A.B. asks: 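Structure in structure tokens, see below.
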Amino acid sequence: MADSGSEDIAVIGNTDLTPSESENNIKNAKKPMIEKGTSLLKRMEISVAEAEKRTGKNTVNMQETYTVYLIETRPVDAALEGTNPVPDSLWRRYSEFELLRNYLLVTYPFVVVPPLPEKRAEFVWHKLSADNMDPDFVERRRVGLENFLLRVASHPVLSYDKILYSFLTEENGWKENVFETGFQAKADSRLKALNATFRVKNPDKRFADMKHYGDDLQSVISQLLRVRARAADRLYGVYKVHGNYGRVFSEWSAIEKEMGDGLQSAGHHMDAYAASVDDILEEEEHYADQLKEYLFYADSLRAVCKKHELTQYELEMTAQDLTSKKQQREELATGTVRTFSLKGMTSKLFGQETTEQREAKLKMLETQIEEGEELVKERNAECEEFVKSAWVDVEMFKEQKDRDLREALISYAIMQISMCKKGIQVWNNAKECFSKM
Amino acid sequence: MSTGTSKPLASSGQKSLQDICHPLSAEESALSLHTSSTGEKDLSLPNGTPVDTSSPASSSSLLNRLQLDDDLDGETRDLFVTVDDPKKHVSTMETYITYRVCSKTTRTEFDLPEFSVRRRYQDFDWLRNKLEESQPTHLIPPLPEKFVMKGVVDRFSEEFVETRRKALDKFLKRVADHPVLSFNEHFNAFLSAKDLNKRLGLALLTKMGESVKYVTGGYKLRGRPIEFAAMADYLDVFTQKLGTIDRIAQRIIKEQSEYLVELREYGPVYSSWASFEEDLHDSLEGVAGCVSNCSSALEELTEDMSEDFLPVLREYVLYIESMKNVLKKRDQVQAEYVTKLEAVVFREDKKTPVPTDVERCQDRVECFNADLKADWDRWQNNKHQDFRQLLTGMADKNIQYYEKCLAAWESLIPLLQDKQEAKGETN
């Protein structure tokens, strides 16, 4: 495990977690957000250090401008030794991150895969640019991409993935590697399955509840972000209009003798007050980003629940198929027609089959039933496997979510406190000027 | 604390005409510490100005104000007037509000040291007109606006009546503090007469002769002394700036109100989120509570600005209008004098007009100028104090708003952090 690029890193994460191992994972996950457990992050420092604009020809041979992000990696040991070598680095664009994530989604359907920062700016308020090229947007995206990589690289399952490692270290060979896995074929069927509607008879209640939770979370965070954007617009207006006081006090002070100085200085404080809202709202944007992450996480959560439904459904279908085959066998063997069937009707009309035909049919059914039972056993095992490993990940996700969101609320409260203190200070300054008028 | 919706004033109800105490009859009651409707004691300064003791800063400013009053103009105050206790009167003909006007004085012109009457807005308007007529060389303080658009403003809502009461109180105090106006016989009547209407006719007859005849039409402004021209210029610019400040304040109130609308939605979203969370439930509810507290604080700020800040600005605009009128009158008096003087110069050969006529005009001009200058200085002084108080008050209200919000968020932090630590420990 200490070697980098070791060949015995499994592509599919270890699904057979013993109780003690899963307990260990949960313990590790409960420490501060990005845990350097036995994961990639322990061995390697990862950061998305910079962003740059590039122009080039795209797939349809047209000029386009896009942004690339610099991923820097450095073995942890080197930093500890104090030699501080230059980190390895490569450039990636957003679409490559998307590709990586799609691969992870398909390959680890039981994992709540961390989300990417939003593709397009949503929930904007008027001052915030909806332009993907806007430097503030690019900066926030850089932070989001780094966050994504850190979360993936510290995940007890995902972090061992070879393709992930290749993404981080091989600038050029990576795309071939990922396409070689053939994940795209699975991607299409996955997409179809996720969007299909089907009725499961016996879903695991925990997953059904989780799916509802995911729906609720998505709905409430969307609402929150919408209200926040409108409130930000209004708050911006309140602060900026105060700037007009600055100008009028200055003009007024020109015709006053004793009051002039006080008015003038108070006016400057009003200007400062108006200007302060830009920083305030920038900080609040960070809070909005934290909420957005969990908005998108809700999607991942729902995908896992949906996958469970799918495996459960397939199991139920297979079992149902087996039951009907067994029934057919019984009917054939005893000669009784339990259920109405075309065969039954035609045999009545055209006479019974010969004994040979019946024997042949029975034999076929027997083989089918045997295969069927094997299939049911397989599907059952798959289902159980999925439920076990998925639930571990879901529990881990829940812990992480509670921690992260509480941290976000704390920093939001701290932000509000700082805003109030600034307000008190400015108005106290203005008050002093007024009282000295 | 008002919740933003207008509350109708308690009415005296429909009683038979005999039972209704005549609103203009004098009530004799001792002036003492009076309680407001909330049951809290309203502390008043000796001259009747109510003191706001809600903010910690006010106790020291209270001291300052007491000391300042003692020194003002070197005069000792001997007449204190207050306007309070608004009451609604419902009769078959009309509904209106009366206010109690309490006076406390050592002046011998009055029969009693303390007395009060009830007056309605009409009576204040009458007083102001009489003062303008009888003291044309002086600046008469303004009254709050007479007309209110019915349907737009509720004339009987608590907020409107209170705003008006404050303005009427300020009006009488300014008159009472004026060394000339306070001795005016109409003012005396207003404060003490049982029945104002009787005096109305008499007053009209005796004062008619003294009213200044105005020269109608254009008059030449040349020869207007620089200081009065400067006053006029100052007033023009000042009006403009006040107008701008009024517009800015209104805009801020509007933006704050719209911000409040969003905040009011914000809290409930956190609550509904809390409803389907387990560990996060308390934290989210805490945030919802905080936002709700901030909303209330903002609502108070917006109301205060509407009720206390804007009316004072508007009052000063009216004050400036009065001042401009007085300046115009002065110009006219001077023009009259100049015309008469020129007539004397050009008609030396003909029957000369009585020189005393010209002399009288000259006296009038000089008196007017002197009175106006004195009043101007007084007005500037008052303006200085009033605006210092107004703007400091505005700053105070904003500080209080932020302090309330700060307290709310600071109390939330320990709740959030405890939860975080508790989670860490149980593992």
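Here is how names work: the chains are called A, B, and so on, in the same order as the sequence lines, proteins then strands, and each is numbered from 1. As the structure is a prediction and not an experimental result, all values here were calculated from the model.
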A.B. asks: For the interface with chain B, which of Val227(A), Ile410(A), Ile221(A), Leu224(A) has the highest count of heavy-atom pairs at distances below 4.5 Å?
C.D. replies: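 The option with the most such pairs is Leu224(A).
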A.B. asks: Gly262(A), Ala430(A), Ser435(A): which one forms the most heavy-atom pairs within less than 4.5 Å of chain B?
C.D. replies: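 It is Ser435(A).
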A.B. asks: How many angstroms lie between SG in Cys294(B) and CD in Gln416(A), if you round to the nearest 0.5 Å?
C.D. replies: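 Answer for the SG-CD pair, Cys294(B) versus Gln416(A), is 7.0 Å.
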A.B. asks: With a 4.5 angstrom heavy-atom cut-off, which part of Leu217(A) approaches chain B: side chain, backbone, both or neither?
C.D. replies: both
A.B. asks: Count the heavy atoms belonging to other residues, nucleotides or ligands that lie under 6.0 Å from CG of Asp261(A), then report whether that count exceeds 12.
C.D. replies: no
A.B. asks: Of the backbone (N, CA, C, O) and the side chain (C-beta and beyond), which part of Ile414(A) lies under 4.5 Å from a heavy atom of chain B, both, or neither?
C.D. replies: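 Contact with chain B is through both the backbone and side chain of Ile414(A).
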A.B. asks: Which answer fits Ala249(B), side chain, backbone, both or neither, if we ask what part of it has an atom under 4.5 Å from a heavy atom of chain A?
C.D. replies: both
A.B. asks: Distance from Ile424(A) atom CD1 to Leu406(B) atom CG, nearest 0.5 Å?
C.D. replies: 5.0 Å
A.B. asks: Can you tell if the side chain of Leu412(B) reaches within under 4.5 Å of the side chain of Tyr412(A), non-hydrogen atoms only?
C.D. replies: no
A.B. asks: Under 4.5 Å heavy-atom distance to chain B, tell me which part of His212(A) shows up: side chain, backbone, both or neither.
C.D. replies: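 No part of His212(A) comes within 4.5 Å of chain B.
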A.B. asks: Side chain, backbone, both or neither: which part of Val287(B) has an atom under 4.5 Å from a heavy atom of chain A?
C.D. replies: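 The side chain, not the backbone.
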A.B. asks: State the CZ-CG distance between Phe276(B) and Asp215(A), to the nearest 0.5 angstrom.
C.D. replies: 10.0 Å
A.B. asks: In Å, rounded to the nearest 0.5 Å, how long is the span from CG of Asp216(A) to OG of Ser272(B)?
C.D. replies: 9.0 Å
A.B. asks: Would you name the heavy atoms of Glu255(B) and Gly237(A) that are closest together and state the gap between them?
C.D. replies: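 Minimum heavy-atom contact is OE1-CA, 3.7 Å.
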A.B. asks: Using a strict 4.0 Å threshold on nitrogen-to-oxygen distance, state whether Lys421(A) and Glu403(B) make a salt bridge.
C.D. replies: no
A.B. asks: Exactly one of Arg230(A), Arg228(A), Gln223(A) should register a side chain to side chain donor-acceptor pair (under 3.5 Å) with Glu265(B). Which one does?
C.D. replies: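 Going through the options one by one, the only one that passes is Arg230(A).
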A.B. asks: Would you say the side chain of Leu284(B) lies within less than 4.5 Å of the side chain of Leu405(A), judging by non-hydrogen atoms?
C.D. replies: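 The answer is no; the side chains never approach within 4.5 Å.
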A.B. asks: Should Tyr259(B) and Tyr236(A) count as side-chain neighbours, where that means a heavy-atom distance under 4.5 Å?
C.D. replies: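 SC-SC contact between Tyr259(B) and Tyr236(A) ruled out.
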A.B. asks: Looking only at heavy atoms, which two atoms of Ala413(A) and Ile413(B) are closest? And how far apart?
C.D. replies: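 It is CB-CD1, 3.7 Å.
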A.B. asks: Less than 3.5 Å apart, any donor N or O on the side chain of Glu277(B) or Tyr213(A) sitting next to an acceptor on the other?
C.D. replies: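 A pair is found: one side chain offers a donor N or O, the other an acceptor, under 3.5 Å apart.
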A.B. asks: Identify which of Met394(B), Lys404(B), Glu278(B) forms the greatest number of heavy-atom pairs closer than 4.5 Å to chain A.
C.D. replies: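 Heavy-atom pairs under 4.5 Å are most numerous for Met394(B).
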A.B. asks: Looking only at heavy atoms and a cut-off of under 4.5 Å, which of Gln417(B), His384(B), Gln256(B) has the most pairs with chain A?
C.D. replies: His384(B)
A.B. asks: Could you go through Asn428(A) and Tyr402(B), starting from their C-alpha distance and side-chain angles, then the distance that decides it, and tell me whether this counts as side chain to side chain contact (heavy atoms under 4.5 Å, CB included)?
C.D. replies: CA-CA 11 Å; Asn428(A) 262 322; Tyr402(B) 278 114; over 6 Å; no
A.B. asks: Any chance you could measure Tyr234(B), atom OH, to Lys257(A), atom NZ, to the nearest 0.5 Å?
C.D. replies: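 Reported to 0.5 Å precision, the distance equals 8.5 Å.
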A.B. asks: Applying the ring-ring contact (aromatic ring centres under 6.0 Å, His included) test to Phe387(B), which of Trp252(A), Phe434(A), Phe249(A) qualifies?
C.D. replies: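 Of the listed options, the one satisfying the test is Trp252(A).
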A.B. asks: Give, for atom CG of Asn381(B) and atom CD of Glu258(A), the distance between the pair rounded to the nearest 0.5 Å.
C.D. replies: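 Rounded to the nearest 0.5 Å, the CG-CD separation comes out at 7.5 Å.
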A.B. asks: Side chain, backbone, both or neither: which part of Gln425(A) has an atom under 4.5 Å from a heavy atom of chain B?
C.D. replies: neither
A.B. asks: Can you check whether Trp427(A) and Tyr401(B) have ring centres sitting under 6.0 Å from each other?
C.D. replies: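 No: the rings miss the under 6.0 Å criterion.
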A.B. asks: Under a 4.0 Å N-O cut-off, is there an ion pair linking Glu262(B) with Arg234(A)?
C.D. replies: no
A.B. asks: What part of Leu263(B) gets closer than 4.5 Å to chain A, counting heavy atoms only: side chain, backbone, both or neither?
C.D. replies: neither
A.B. asks: Looking at Glu256(A), Arg226(A), Glu251(A), Lys240(A), which one has more heavy-atom pairs under 4.5 Å with chain B than the rest?
C.D. replies: Glu256(A)
A.B. asks: If you count heavy-atom pairs under 4.5 Å between each of Arg247(B), Arg251(B), Gln240(B) and chain A, which one has the most?
C.D. replies: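 Looking at each option in turn, the highest pair count goes to Arg251(B).
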